[in-house]
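Chain letters run A, B, ... following the sequence lines, proteins first, then strands; residues in each count from 1. Just so you know, these numbers use all the heavy atoms, side chains as well, and skip hydrogens, waters and symmetry mates.
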There are 2 protein chains.
Amino acid sequence: MKISDVAKRTGLDAKTIRYYESIDLVDSPPRRENGYREYGEQGIQQLGFLRKARKFGFSINECRALLALWANPNRRSTEVHGLVTEKVRDIDTHILELKAMKKMLSELLVQCPDDDNPNCAIISKLAEEQE
Amino acid sequence: MKISDVAKRTGLDAKTIRYYESIDLVDSPPRRENGYREYGEQGIQQLGFLRKARKFGFSINECRALLALWANPNRRSTEVHGLVTEKVRDIDTHILELKAMKKMLSELLVQCPDDDNPNCAIISKLAEEQE
DNA sequence: TATTGACCTTATACTTACTATAAGGTTTAC
DNA sequence: GTAAACCTTATAGTAAGTATAAGGTCAATA
C-alpha cells in the first residue's frame, strides 16, 4: 500500500506520516524498487493508533509511551490508566483557564459601546496600570 | 529603568521583552552609554498592555492589532468589539473540543481495570479499526 | 585593588507538531 | 507523447517563546 492510500485509510496527511517516520515515532516501512514506501498492515495500524491518540489530545511523546504500552504484552493497565488520568487533569486545567478568559472578555464586551467612538472598556482595561 | 526592573513591573520575562522588540511588536527603547536598554513610561506601558492582552489569550498578531487600536485616537470601538467577539468564539470552540476529549477519555477510564493485567479499554479503543 | 556574582549584551539553537517549498524522479491516463 | 498526479529528499517556515554560549559591565565584598 502506498503512502497516499495509507493517508486515506488513517486520516493522516502523507506529509504527517513521513514526519512521524522522521522522528522515529513509527518504524520505517520497506521500499519498493522505485524507492516508494510500501506499507503493510502493521504500519497502517500503528498510524491509525496515532491518529486516534492525537485526536484524544495526547502529545507526540505521550503517543510514544502509548505505542510502547500497546506493543508490550506485559503492560499493566494501571500504567495506561495513570497516563490517561493525568491527561484528563491537564484538559480540565486547560478548560478552566479558557473559561476564565472567556468570562473576563465577555464582561468587557458588554461594556464596550460597539460604535464609532474611540472609547472602549476593553482597551482601557488592557491599558490599566497594575495587574 | 533597566530591563529587569521593567520585567518585574510588567510581569514579563526580560527575554520575552527582548523577543517582542526583535519582532517589532514594541519600539526599541533608547540605550545608555554602556548599551543597556533604558525604558521610559511609554515603553513600560506598552509592555504592560501586551502582558494583559496575552493573558486574555490574544495571539501576537492580535496584540499587534490591539496595540495599533490603542494608539489610534480615531479608533472605532466597534473594531475592538469585533476582535474580541471573535476571540470569545475561538475560545468557545476550543472549550467544546476539550470537553469532547475529556468526555471520551473519562468514559474509557471507568472501563480500564487499573490493575496489573494488560487488558485495557483505552488501548483497545485506540487500536480499533475504523474511526 | 581584586574578584565574585549579578546584571547586561548579542547570536544561535531548541521546543512542538507539523506545513510549505523546491527540485527532482515515476507512474498513469488520455 | 505528454501532462497530471504521484513519489522522493532536503530545507525553511510557523507560534511564542526558552535555553545556551560567549562576552561586556557594575556593585559589593575581602
Listed partners of B/Arg37 passing side chain to side chain donor-acceptor pair (under 3.5 Å), at least two apart = B/Glu21

Can you tell me which residue pairs pass the ring pair (Phe, Tyr, Trp, His ring centres under 6.0 Å) test with a partner in residues 15-48 of chain A, sequence neighbours excluded?
-> none

Would you indicate what B/Ile23 reaches in the nucleic acid, counting non-hydrogen atoms under 4.0 angstrom: base, sugar-phosphate, or nothing?
-> nothing

Boundaries of the DNA chain D segment in contact with chain A, non-hydrogen, under 4.0 Å = D/dC6 to D/dT9

Here the residues of residues 41-49 of chain A within 4.0 Å heavy-atom distance, strictly under, of DNA chain C are none

Apply side chain to side chain donor-acceptor pair (under 3.5 Å) to B/Thr16 and list each qualifying residue two or more places apart in sequence or on a separate chain.
-> none

According to a strict under-4.0 Å criterion, is B/Ser4 in side-chain N/O contact with OP1 or OP2 of C/dC8?
-> yes

Would you list the pairs meeting ring pair (Phe, Tyr, Trp, His ring centres under 6.0 Å) in which at least one residue belongs to residues 102-123 of chain A, sequence neighbours left out?
-> none

Residue set satisfying side chain to side chain contact (heavy atoms under 4.5 Å, CB included) with A/Glu33, at least two apart, ordered chain then number -> none

Can you name the residues that form a side chain to side chain donor-acceptor pair (under 3.5 Å) with A/Asn117, not counting sequence neighbours?
-> A/Asp115

Residue pairs, two or more places apart or on separate chains, that pass ring pair (Phe, Tyr, Trp, His ring centres under 6.0 Å) and touch residues 46-105 of chain A = A/Phe49-A/Trp70, A/His94-B/His94

What residues form a side chain to side chain donor-acceptor pair (under 3.5 Å) with B/Glu38, not counting sequence neighbours?
-> B/Arg32

Atom pairs, N/O to N/O, protein against nucleotides 26-30 of chain C, distance under 3.5 Å?
| unit_1 | atom_1 | unit_2 | atom_2 | d |
| --- | --- | --- | --- | --- |
| C/dT26 | O4' | A/Tyr36 | OH | 3.4 |
| C/dT27 | OP1 | A/Asn34 | ND2 | 2.8 |

Would you mind building the protein contact string for nucleotides 13-19 of chain C? One character per nucleotide, 5' to 3', B for base within reach (heavy atoms under 4.0 Å), S for sugar-phosphate only, - for untouched.
-> ----BBS

